[in-house]
**Q** 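Okay, here's the structure, questions in a sec.
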Amino acid sequence: MSSITPLVQSVDWVALAPPTLTAAVALVVLVADLFLPVARKPLLGWIATAGLAVSALLLLPLLGGDRRTFCLPAHPEVCSYVADPFTLVIQFLVLGGALLTALLSIDTVKDQGLPAGEYWFLLLSSAAGAALLPASRDLATLVIALEVASLPAFALVGLRRGDRLSSEAALKFFLSSVAATAVMLLGVSFLYAATGSLHLSRVAHALMALPDPRLATLASAGVALTLVGFAFKTAAAPFHFWVPDTYVGAPLPIAGYLSVVGKAVGFSGLILVTVQGFPSYADVWGPALAVLAALTMTVGNVAALRQDPRRAHSAVRLLAWSSVGQAGYLLVPIAAAGYTKDPAHAIGSTVAYALMYAAVNLGAFAVAALVARTRPANRIADYRGLYARRPLAALALGFFLLCLAGLPPGIIGLFAKVTVFSVAVDAGLAWLAVIMAVNVVIALYYYLQWTTVLFRGAGAGAGAEAEAEADETAPAAAPVTAQQPPHHRIPAPLATAIGLATVLGIALSGAPQLVLRFASGALL
């Protein structure tokens with residue numbers, strides 16, 4: 001009797017556990033919201049936080065392995081879901097970033113009157129999609145995971161009902177993202193028509209030897225359109241225009257989430273499609289990404305340099321433009337992967353930089369959320385004299401800003417930038433390394449300018465000057481002087497988030513080589 005190839009295969013639930021549990025907790029929160037009285041709604045935040053912590057712990061059984069599921073029965077090596085080291089590193093970044101965001105959000109949801117059930121359901125749903133994406137190894141799953149991560153984020157940005165800035169930000173974010181997704185889907189359809197497959201490994205094999213020149217033209221268009229879609233998700237110029245308004249209009253924890261987890265989603269997807277899906281087109285996407293990297297870091301840093309410290313929301317806008325500049329640095333090793341015979345080393349540099357950036361950027365947003373509790377306008381001028389009022393918070397923010405600038409004692413930031421710089425030089429991209437060096441110098445100015453503000457005296461003149469500026473969304477806070485009593489105690493979840501980010505940044509600065517070694521496990 002001839003054997004019959006099974007059409008029903010077993011599912012590796014251990015490999016699927018991190019994103020699956022995150023999605024399951026999202027459903028639990030949504031259902032629990034129907035039955036909990038208003039006074040008990042804060043419990044939903046703690047359920048969500050605990051769920052994210054357990055999901056991150058579920059990565060431990062997967063260490064050191066290479067688990068696959070949803071594979072083709074006739075070709076078990078061709079799979080849609082792969083839990084390899086690259087997947088685990090990005091999932092750790094995503095779930096860790098979502099966990100810090102949850103800690104930041106617990107008091108924000110209560111203080112701003114946000115609908116708790118919807119907020120936590122949307123945050124967990126987005127985190128589940130973000131955790132699924134790095135494990136995706138076919139274009140269909142990749143696009144679905146990308147949209148599961150993105151669609152809840154639109155709603156989170158616009159969740160402050162009645163707030164004009166929030167509504168405008170959500171609409172701009174939604175419309176531009178939908179346009180980018182449509183372009184990406186068109187590119188995916190072209191690739192499927194040219195190669196006859198959606199699995200990245202098969203697409204890569206088919207692109208190496210297309211029998212018809214017309215198919216090669218179709219495939220080239222598909223590669224270009226797919227890259228455009230991911231360029232939007234990574235906030236690469238000129239597809240970055242949604243970033244500053246979206247960050248200002250969103251609740252601060254969500255702005256931090258988009259700056260870290262949103263970027264992790266975009267960059268992991270970009271890495272997968274270029275290095276695994278389109279290696280034979282490296283001569284196309286390598287130069288294209290190099291130009292995008294140069295343009296992105298320059299646009300982001302120059303715009304951040306021009307921020308007026310007295311303008312309402314200038315602190316958040318500076319962090320937004322800074323995140324665009326940092327996206328340019330993150331693109332450099334991916335571009336270098338198109339020029340080198342060892343793309344895995346270059347990708348390891350991107351992952352190492354992303355880990356550093358995630359810890360310190362979320363820490364900076366955490367301190368911004370603390371200052372916003374008493375200064376809703378969140379101007380850079382409002383941070384004047386922060387050391388006199390909250391010395392630990394000021395020291396933490398100063399450390400985060402120095403890490404982003406790449407200056408001691410933020411050794412991890414310096415190490416990450418040197419690693420990216422050396423990868424560009426080794427790949428023969430000296431011109432890109434020069435542009436990066438110039439941009440690092442530009443960024444030093446605005447990072448150091450903000451850092452020095454923290455330790456200046458909060459005199460009456462500075463307070464009156466900040467008071468005179470009109471706030472777009474909230475009444476200006478009273479000037480704070482050295483004679484005023486200290487503010488209320490920092491909420492425990494917010495203090496925990498700042499403390500975790502600080503400890504992680506200090507630990508990484510103490511042993512920066514461990515980050516690269518850890519990221520090198522992400523070799524594709």
Side-chain angles (χ1 to χ4, degrees), residues 16 18-27 30 55 70 80-82 87 90-91 93-95 97-98 101 118-159 169-192 198-200 203 222-223 225-236 239-243 246 250 254-255 257-274 276-277 327:
L16 290 167
T20 302
L21 179 64
T22 306
V25 176
L27 294 175
L30 186 64
S55 297
F70 301 118
S80 293
Y81 188 99
V82 178
T87 298
I90 301 299
Q91 286 183 338
L93 193 160
V94 164
L95 294 173
T101 303
E118 291 94 323
Y119 185 96
W120 295 111
F121 170 74
L122 291 168
L123 179 61
L124 287 166
S125 299
S126 178
L132 172 63
L133 190 138
S136 304
R137 294 297 186 274
D138 71 67
L139 291 170
T141 307
L142 206 61
V143 172
I144 291 170
L146 192 62
E147 291 311 298
V148 171
S150 300
L151 288 173
F154 307 148
L156 285 168
V157 170
L159 209 55
L171 183 61
K172 180 178 290 188
F173 186 22
F174 174 75
L175 292 177
S176 53
S177 183
V178 166
T181 301
V183 170
M184 185 190 303
L185 286 173
L186 183 61
V188 169
S189 67
F190 284 178
L191 287 167
Y192 179 71
L198 290 173
H199 288 89
L200 292 175
V203 168
V223 169
L225 293 174
T226 304
L227 291 179
V228 167
F230 279 106
F232 169 86
K233 301 297 182 182
T234 58
F239 312 103
H240 66 288
F241 51 86
W242 57 274
V243 173
T246 299
I254 300 306
Y257 175 84
L258 291 174
S259 74
V260 170
V261 177
K263 275 190 173 49
V265 167
F267 279 102
S268 58
L270 188 61
I271 289 168
L272 288 172
V273 296
T274 53
Q276 283 210 342

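Atoms considered below: every heavy atom in the structure, side chains included; atoms not considered: hydrogens, waters and symmetry mates.
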**Q** Rounded to the nearest 0.5 Å, what's the gap from OG1 on Thr226 to CG on Leu191? Could you check?
**A** 4.5 Å
**Q** For a side-chain contact (heavy atoms from CB on, under 4.5 Å) check, start with the C-alpha distance between Leu270 and Leu227, then their side-chain angles and the critical distance, and finish with the verdict.
**A** CA-CA 7 Å; Leu270 188 61; Leu227 291 179; 3.7 Å; yes
**Q** Determine whether Val243 and Thr246 make a side-chain contact, defined as any pair of heavy atoms from C-beta on separated by less than 4.5 Å.
**A** no
**Q** For the pair Phe173 and Trp242, name the ring-plane relationship: parallel under 30°, tilted 30 to 60°, perpendicular over 60°.
**A** parallel
**Q** Any idea which heavy atoms bring Gly229 and Met184 closest together, and the distance?
**A** C-CE, 3.5 Å
**Q** Please examine the side chains of Val273 and Leu139, heavy atoms only from C-beta on, and report whether any two atoms are closer than 4.5 Å.
**A** yes
**Q** What do you reckon, is CZ of Phe241 surrounded by more than 12 foreign heavy atoms closer than 6.0 Å?
**A** yes
**Q** What are the two closest heavy atoms between Pro19 and Ala131, and how far apart are they?
**A** CB-CB, 4.1 Å
**Q** Taking all heavy atoms of Ala128 and all of Ala23, pick out the closest pair and write down the distance.
**A** CB-N, 3.9 Å
**Q** How long is the straight-line distance from CG of Leu225 back to CZ of Phe190, given to the nearest 0.5 Å?
**A** 6.0 Å
**Q** Go through the side-chain N and O atoms of Thr22 and Ser55 and say whether any donor and acceptor fall under 3.5 Å apart.
**A** yes
**Q** Contact between Val157 and Leu258 at the side-chain level, heavy atoms closer than 4.5 Å - yes or no?
**A** yes
**Q** Could you check whether any side-chain N or O of Ser176 sits under 3.5 Å from a backbone N or O of Lys172, counting only pairs where one atom can act as donor and the other as acceptor?
**A** yes
**Q** Quick one: CH2 on Trp120 to CG on Leu156, what's the gap to the nearest 0.5 Å?
**A** 10.0 Å
**Q** Just do the side-chain contact (heavy atoms from CB on, under 4.5 Å) check on Tyr119 and Ile254 with the steps written out, would you?
**A** CA-CA 10 Å; Tyr119 185 96; Ile254 300 306; 3.3 Å; yes
**Q** Ignoring hydrogens and geometry, is there a side-chain-to-backbone donor-acceptor pair from Tyr257 to Ala127 under 3.5 Å?
**A** yes
**Q** Work out which heavy atom in Phe154 is nearest to a heavy atom in Ser177; give both atom names and the distance.
**A** CZ-OG, 3.2 Å
**Q** Rounded to the nearest 0.5 Å, what's the gap from CG on Leu27 to CG on Leu124? Could you check?
**A** 9.5 Å
**Q** Using the test side chain to side chain contact (heavy atoms under 4.5 Å, CB included), find all partners of Ser125 that sit at least two apart in sequence or belong to another chain.
**A** Ala26, Phe121, Pro152
**Q** Can you name the nearest heavy-atom pair linking Ala264 to Leu93, along with the distance?
**A** CB-CD2, 3.6 Å
**Q** How about Glu147 and Thr181: do any of their side-chain heavy atoms sit closer than 4.5 Å?
**A** yes
**Q** Could you state the interatomic distance from CG (Leu142) to CG (Leu200), rounded to the nearest 0.5 Å?
**A** 6.5 Å
**Q** Scan side-chain atoms only and decide if Thr87 and Tyr81 contain a donor-acceptor pair under the 3.5 Å cut-off.
**A** no
**Q** So Thr274 and Val223, do their side chains get closer than 4.5 Å, heavy atoms only?
**A** no
**Q** Do Leu95 and Pro18 come close enough that some side-chain heavy atom pair is under 4.5 Å?
**A** yes
**Q** Can you tell me if Ser268 uses its side chain to pair, donor with acceptor, with the backbone of Val265 under 3.5 Å?
**A** yes
**Q** Does some side-chain heavy atom of His199 sit less than 4.5 Å from a side-chain heavy atom of Arg137?
**A** no
**Q** What's the spacing between Asp138 CG and Ser136 OG if we round to 0.5 Å?
**A** 7.0 Å
**Q** Minimum heavy-atom separation for His240 and Ala235, please, with both atom names.
**A** CB-O, 3.5 Å
**Q** Do the non-hydrogen side-chain atoms of Lys233 and Leu146 ever get within less than 4.5 Å of each other?
**A** yes
**Q** Check for me whether the distance between the ring centres of Phe232 and Phe239 falls short of 6.0 Å.
**A** no
